[in-house]
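Encoded as structure tokens, the structure appears first; notes follow it.
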4 protein chains.
Amino acid sequence: MTPPNAARRSERAHRAILEAAYALAVDRGAAKVTIEAIAARAGVGKQTIYRWWPSKGALLLDVLIDAVGAVSEMPDTGDVTADLKAQMTAVTRLFQSDFARFYTGLIAEAQGDEAVARGLAEQLLDRADGPRRARLAKAQRDGELRADVDVAAAAEALYAPIYYRLLLRTAPLGVDQVHALLDVVLDGLRPRE
Amino acid sequence: MTPPNAARRSERAHRAILEAAYALAVDRGAAKVTIEAIAARAGVGKQTIYRWWPSKGALLLDVLIDAVGAVSEMPDTGDVTADLKAQMTAVTRLFQSDFARFYTGLIAEAQGDEAVARGLAEQLLDRADGPRRARLAKAQRDGELRADVDVAAAAEALYAPIYYRLLLRTAPLGVDQVHALLDVVLDGLRPRE
Amino acid sequence: MTPPNAARRSERAHRAILEAAYALAVDRGAAKVTIEAIAARAGVGKQTIYRWWPSKGALLLDVLIDAVGAVSEMPDTGDVTADLKAQMTAVTRLFQSDFARFYTGLIAEAQGDEAVARGLAEQLLDRADGPRRARLAKAQRDGELRADVDVAAAAEALYAPIYYRLLLRTAPLGVDQVHALLDVVLDGLRPRE
Amino acid sequence: MTPPNAARRSERAHRAILEAAYALAVDRGAAKVTIEAIAARAGVGKQTIYRWWPSKGALLLDVLIDAVGAVSEMPDTGDVTADLKAQMTAVTRLFQSDFARFYTGLIAEAQGDEAVARGLAEQLLDRADGPRRARLAKAQRDGELRADVDVAAAAEALYAPIYYRLLLRTAPLGVDQVHALLDVVLDGLRPRE
DNA sequence: ATTTAATCGAGACGGTACGTCATGTCTTATG
DNA sequence: CATAAGACATGACGTACCGTCTCGATTAAAT
């Protein structure tokens, strides 16, 4: 009935829930995490979870955003190929870790929960995409790339294949993929002759 | 104990199950389909489902493979850009239909069920990928693309972004994406004069 | 830690609680009244209730005692049969009203809460029983009843059946029961000529 | 949706539930028995209980009826006073045992659950009342009681006080009460010489 | 043609988790 | 400093499905 009053929120419970959810999602995959297990591990009542998050997905999304963050940083050494290689490799490494179970599980959750899908897109993916486009745009200004290149499409062509393998598992993730993508996509975008 | 004897299988029940699963998956999304609902709609005992499929995912995968198929065909008019545009557009159209709910739901299922992931990759995605690579390889032989291009990576760079938007919803699916991808990826792969 | 200081008690809150509890108990039965509902209706914090009453039963008991009282009065016209008929009829009427839901609910509460049971017996039932016995004893002195009659047992034999029907609902409450009881019990207690 | 099919009922589960419910109700009182505890003790899923009984009260009523039964038997030695004394004493003894917790708890339950109230009245109390009235009627025919006595009212006047003390605890149950009641009620019903 | 054994529809079973409700205690800010 | 408001841990509620397990009642193959 009444919306919860954030000022009175117990910081202790809040943190315990995020930590419990993180631990459980990493070690058994987001799909197999239950609200009851989170509550039990956090030493918290289920209601305390339901009071602050509308669904398991929303909670896990918060946890994920908390936990990722750093990977969206984009280096800028002046060499766009090197910078993208570094960043794409970092993403690949993250997706090779146990953490991947968490991420893929949450994406699965998003397929049936529009709110999670929106949160994921806006708070995580778009946020990560910005710096990538910006780096590409700078490379254009620097003359590393042709001026007419659609920077957003280029970013998608480079990163989507990594997510594709993460989710669809047609081939293992690895640095070779990163190299191949840079060769195929980025190389074609350089100024001709 | 005894493995099921395919010869005695009831064709009526088999078809009813596939149809019920299809209908339910399309209209409420694969995640919200339950075995009980399929059994009830098909007028079949639950055991009859469990006798022939190990899991909901395996059943839905069968249904999906049944239902897709056609989209993996690849035209060959001699103009690789036109051919890819046609095929990528067909894929996009499929992903814009109600059918998408089914597909994304099954991919979600695959995140927690290794057997489904494998089936999806091998029986659907790899099968669809073959003709794409083949078409690109032919274009190489025809001199439409440079000889040193990694054809598999190119196929991934072109198609993965469509799946990316299907699953991650950072932007709506549409033909503009297809055009942008062809411009960014394929154009860069042409022979340098 | 500190015992509540009755002097500082808010009279406003006190009254609001009793009124809210009464209204709720009458209209949905004592069993379905919750402390939260009482607090909400009274515009009072839950703690304020818990501070002054140990349990829902204790609160309802207070409310009930407040509300009854009057029915324990016993007329004395000199005709013991007429007096008992009047009083038993009044009790029956009370038990036929909406108020019965409250009373039966509290008796139910007492079955699992010794303190309520004790309070009910001592503060309500015994208090009501006193005048009844006294009236019967006077009738003895007046020669309306035999001298050897056990007045307490007689009071029980007359009133318990009314409670029996109230609680066990083997037959509807009504004035016929009162008449039948007076015929069967009281009539047998007159002096034998 | 579909009503359960009694023919397929598991006798094992049925018995285990009744036994578990009995044990729990006797040792902690009907009010403190939970469906979850019954299910756990019986080694049964909760749904199996809900499939066959609409409420905790309905289940406990079944258990109680199972367990009582015998006490409704009425001896007939030709001496109505002796017979009633024996039977009333048996009832009193039952109500003095641990079993009372069960009985009073169920009566409490009935105050908030009309179905239980009806079941209790019809399947237990009325059934027990029949033989009592019959015995009194026979005594009338034998000339032990006056012909004009309302036998139903007499039965109520004798037994209701026992229930009254059981439920309202104004005084302890005991054989003295039985004697007093027989003196006060039955004695008055004898033929006047 | 009869037997016989597996499949079928149905659905009860022991479970797990759900999301909700009320309990009684604890915390914070308000008057 | 008692209050109202309400967050908290706890625990039971009744429901939905899970995957397994009987039940007769069809089948369809091997006698």
C:Gln47 or A:Pro54, whichever maps to the more 5' nucleotide of DNA chain E: A:Pro54

Gap between atoms CD1 and P, on D:Ile35 and E:dC21 respectively (whole Å): 19 Å

Side chain B:Arg8 and base E:dT7 donor-acceptor under 3.5 Å: no

Contact nearer the 5' end of DNA chain F, comparing A:Val44 with C:Ala13: C:Ala13

OP1 or OP2 of E:dC13 under 4.0 Å from side-chain N/O of D:Trp52: yes

Between E:dC13 (P) and D:Glu11 (CD): distance, integer Å: 10 Å

Contact under 4.0 Å: C:Thr48 side-chain N or O vs F:dA2 OP1/OP2: no

Under 3.5 Å donor-acceptor, B:Lys46 side chain and B:Ala40 backbone: no

Upstream residue (5' side of DNA chain F) when A:Ala42 and A:Glu36 are each assigned their closest nucleotide: A:Ala42

Check: D:Thr34 main-chain N/O paired with D:Lys56 side-chain donor or acceptor under 3.5 Å: no

Any D:Thr34 side-chain N or O less than 4.0 Å from OP1/OP2 of F:dA12: no

Distance-only donor-acceptor test (3.5 Å): side chain C:Lys46, base F:dG6: no

Residues A:Ile38, A:Val44; criterion side chain to side chain contact (heavy atoms under 4.5 Å, CB included); working and verdict: CA-CA 8 Å; A:Ile38 296 171; A:Val44 136; over 6 Å; no

Protein-nucleotide distance (D:Tyr50, atom OH; F:dG14, atom P), rounded to Å: 3 Å

Aromatic plane relationship, B:Phe99 with B:Tyr103 - under 30° parallel, 30 to 60° tilted, over 60° perpendicular: perpendicular

Inter-axis angle, terminal five-pair segments of the helix from E:dA1-F:dT31 to E:dG31-F:dC1 [nearest 10°]: 10°

NZ/NE/NH1/NH2 to OD/OE distance under 4.0 Å, B:Glu19 and B:Arg41: no

Distance in Å, A:Asp62 CG paired with A:His14 NE2, rounded so as to fall on 0.5 Å steps: 6.5 Å

Separation of E:dG11 P from B:Ile49 CD1 (nearest whole Å): 15 Å

A:Arg12 vs F:dA9: side-chain N/O to OP1/OP2 distance below 4.0 Å: yes

Value rounded to 0.5 Å, distance of CZ in B:Arg9 from CH2 in B:Trp52: 5.0 Å

Pairwise 5' ranking along DNA chain E for C:Ala37 and B:Gly43, keeping only the more 5' one: B:Gly43

Nearest-angstrom distance from the residue atom CG of D:Asp113 to P of F:dG14: 11 Å

N/O donor-acceptor pair under 3.5 Å between A:Gln111 side chain and A:Ile107 backbone: yes

C:Arg51 vs F:dT3: side-chain N/O to OP1/OP2 distance below 4.0 Å: yes

Rounded interatomic separation in angstrom, taking NZ from B:Lys56 and P from F:dA16: 17 Å

Atom-pair distance (CD on D:Glu109; P on F:dC13), nearest Å: 10 Å

For atom CH2 of B:Trp53 and atom C1' of F:dG19, their distance in whole Å: 16 Å

